[in-house]
Amino acid sequence: MNPPATAVANPPPPVITVPQADPGAGYRARKAEIDAAVARALASGWYILGEEGRAFEREFAAWLDPSGAQRAVGCANGTDAIVLILRGLGIGPGSTVATVSHTAVATVAAIEMVGATPLLLDIDPDTYTMDADELAAVLDDPPPGLPPIRAAVAVHLYGQACDLRPMLEACRAAGVALIEDCAQAHGAALDGRRLGTFGVAAAFSLYPTKNLGALGDGGVVTTADADLAERMAAIRQYGWRERYVSDGPGINSRLDEVQAAVLRARLPFLDAGNARRREIAGAYDAALAGGTLAAPVCREGATHVFHQYVLRAPGREALQARLRQAGIGTAVHYPVPVHAQPAYRGRVALGPAGCRETELAAREVLSLPMFPELTAAQVATVCAALEELG
Ligand SMILES: *Cc1c(COP(=O)(O)O)cnc(C)c1O
């Protein structure tokens, strides 16, 4: 006999009417352009490193810097983009690379993939990006027991610039390469200049939910150093400079033609998508004004592209549950700092500040729904909930 239904049966899960991210909406918004691009790539009969890929590289480099100074090299994903830069610079075993613990684990994974030693620094609590003073301090007085610091990976997290000026200055003085991780910062700028043009080279992920996304994996590296661009282009394909002849050891990290065609179809809409993200952020800011939840802080001179809209809430789990009840999806970027994850805990080097701000942020950050195709009604739903709960 079936037990009688009880009054305490679990209620059905709430229906999410405002997802945190929706790559399908991004596809549907440009379906005609994307379908035509995919059909063109399929009909071409050439599927890896061809016309579409070369055109995407040209168009992306020109979009990044209309002066023509930048070169772009497509690759398989954003993690490999960092790997290609490090390898292109000859950074591997016997080198330390400074970055942050408050980032996608990919940043740190890439450093270890080349055999280098990561050194994880703390963040500035307002912008969640690298503490520039701590970087200057470790470059000046490196932690004992580590190989020499050869590079710093500056992560422009959530869509806004790191404190780049002092970081560039400290790196220049120490003879250390500054690499930009632009995986969340396509189109973001500092003092009117696009991120990805400040350091020796920049890595972009083209993962579907990034501000510029493929419909699969993809990545691209940019640099104004033509020799470095050539070395990276060789490394991404077995070290070939010439077909079947490897000048040096390489890997396989190519951007395929179908993804390159999709990216070409989407690139003309990237700036408008970023503007829409800023508009949505403005609405969230207004809804949070006067409340107790901390809205994101924009760095002076920075053009934020809101890859994520991240607020700070001491009672995060309760807030997340109440938003879910209101049909609103959220995410946490990132719940566990890299240095506290099982793969890294206890063996990865930290800076003198010990990542205290990183650990505090990891407990409180919450990412609201953010993508250009959010409708006015969806944005209004989120704003109403913020006004009520904030
Ligand atoms: C997404 C991301 C990466 C890695 O990109 P993949 O394309 O997923 O390999 C690296 N760094 C940051 C900050 C990212 O957000």
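When a ligand or atom number is given, it counts from 1 through the structure's own listing order.
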Given that the side chain starts at C-beta and the backbone is N, CA, C, O, which of these parts of [X] lies under 4.0 Å from ligand 1, counting heavy atoms, or is it both or neither?
X: Leu206; answer: neither
X: His307; answer: neither
X: Val155; answer: side chain
X: Asn77; answer: both

Just which atoms of ligand 1 are under 4.0 Å from any heavy atom in Thr107?
->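 Result: 11 (N).
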For Ala106, counting its heavy atoms only, list the atoms of ligand 1 lying under 4.0 Å from any of them.
->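 The atoms of ligand 1 under 4.0 Å from a heavy atom of Ala106 are 3 (C), 4 (C), 10 (C).
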Salt bridge between [X] and [Y], side-chain N to carboxylate O under 4.0 Å?
X: Arg194; Y: Asp271; answer: yes
X: Glu279; Y: Arg276; answer: yes
X: Arg165; Y: Asp191; answer: yes

Ala110, Ala76, Ala203, Ser205: member with heavy atom nearest to atom 8 (O) of ligand 1 |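 Closest candidate by heavy-atom distance is Ser205.
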Where the closest heavy atom to atom 2 (C) of ligand 1 is concerned, which of Gln308, Lys210, Gln184 has it?
->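 The option holding the nearest heavy atom is Lys210.
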Does the ring center of Tyr128 lie less than 6.0 Å from the ring center of Tyr158?
->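 Yes, they do, as the ring centres are separated by less than 6.0 Å.
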Can we call the ring centroids of His186 and Phe204 under 6.0 Å apart?
->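 Yes; Phe204 has its ring centre under 6.0 Å from that of His186.
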Side-chain donor-acceptor contact under 3.5 Å, Tyr27 with Asp35 |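 Indeed, the side chains of Tyr27 and Asp35 share at least one donor-acceptor pair under 3.5 Å.
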